[in-house]
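Just below is one structure, and these are the notes that go with it.
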Amino acid sequence: MTEPLVLELLALPKAVPEVRRAVRDHLGRPCPEVQLCVSELLTNVIDHVGEATPVTVRLFRTPDGRTRLEVTDPDPHAWLIARHPGEDDETGRGLVLLDAVARRWGVWLTPGGKTVWCEVSLSPGDPETFQVPHPFPPNHDCGADRSEETRTA
């Protein structure tokens, strides 16, 4: 991955597998972690903000070599709570999965909406890293940082 992937689309159920394929094609190989994360983040927009919400999906390499995924939507509310669903519950596992797979994740609130982001470490030997200028200052990290293995139940 030498260039960032930027997709602007409507959050529709049929878009979820299409974006998974676009992510896989952009990375040049299957990456179940990133594909799972993009599926969960898009599904959260569909379920909690609304079907056909305009979203922007960004995928790029961070300076420290992690793969960063961002999903931006126009809803300024951030009610991201990792639930503890029962074994018979059909929903409620998305953020639990994201928390288990991502090294770090969080939310940036802006006047125009929010961006939910996560970072995944891919295997060694991936292409060289690159930097992408970003509109948000680095001190807006508000997600859990897995580099210190600090998880809360």
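Side chains are part of it too, since the values below use all heavy atoms of this structure and drop only hydrogens, waters and symmetry mates. The chain is numbered in sequence order, starting from 1. Please read these numbers as outputs of a predicted model, since none were measured by experiment.
With hydrogens and angles ignored, the 3.5 Å screen pairs no side-chain donor or acceptor of Lys114 with any backbone N or O of Leu109.
Smallest separation of non-hydrogen atoms from His26 and Glu3: NE2-O, 2.6 Å. Closest of all the heavy-atom pairs between Pro13 and Ile46 is N-CD1, 3.7 Å. Among all heavy-atom pairs drawn from Val101 and Cys37, the shortest one is CG1-SG, 4.0 Å.
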Checklist entry - When you look at Phe60 and Glu70, which way does the side chain to side chain contact (heavy atoms under 4.5 Å, CB included) test go after all the steps? => result CA-CA 9 Å; Phe60 59 92; Glu70 300 176 349; 3.6 Å; yes
Next on the checklist: Apply side chain to side chain contact (heavy atoms under 4.5 Å, CB included) to residues Leu36 and Leu97 and explain how you reach the verdict.
Outcome noted: CA-CA 8 Å; Leu36 173 67; Leu97 291 170; 4.3 Å; yes
Checklist entry - Checking side chain to side chain contact (heavy atoms under 4.5 Å, CB included) for the pair Arg68/Arg103: CA distance, chi angles, key distance, verdict? => result CA-CA 10 Å; Arg68 186 175 187 106; Arg103 299 270 304 160; over 6 Å; no
Next on the checklist: Leu69 vs Val120, test: side chain to side chain contact (heavy atoms under 4.5 Å, CB included). Steps then yes/no.
Outcome noted: CA-CA 8 Å; Leu69 171 68; Val120 176; over 6 Å; no
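By the side chain to side chain contact (heavy atoms under 4.5 Å, CB included) test, Leu7 is found to be paired with Leu5, Leu9, Val19, Ala22, Val57, residues two or more places apart in sequence or in another chain being considered. Among residues two or more places apart in sequence or in another chain, the side chain to side chain contact (heavy atoms under 4.5 Å, CB included) test is passed with Thr43 by Val16, Asp47. Take Ser39 and apply the side-chain hydrogen bond (donor to acceptor under 3.5 Å, both in side chains) test, not counting sequence neighbours, and it matches Arg20.
A distance of 10.5 Å separates CD in Glu18 from CG in Leu42, rounded to the nearest 0.5 Å. To the nearest 0.5 Å, atom CZ of residue Arg104 and atom CH2 of residue Trp117 are 4.0 Å apart. Rounding to the nearest 0.5 Å places CD of Glu8 at 8.0 Å from CZ of Arg58. One finds the SG atom of Cys118 at 10.5 Å from the CD atom of Glu33 (value rounded to the nearest 0.5 Å). To the nearest 0.5 Å, atoms OG1 (Thr115) and CG (Asp73) are separated by 8.0 Å.
Hydrophobic clustering, defined by side-chain heavy atoms of Ile, Leu, Val, Met, Phe, Trp and Tyr closer than 4.5 Å, groups Leu10 together with Leu12.
Each of Val38, Val6, Val34 was checked for a side chain to side chain contact (heavy atoms under 4.5 Å, CB included) with Leu59, and the lone residue meeting it is Val34. Remark: of the listed residues Asn44, Thr72, Val107, Val107 is the sole one forming a side chain to side chain contact (heavy atoms under 4.5 Å, CB included) with Val116.
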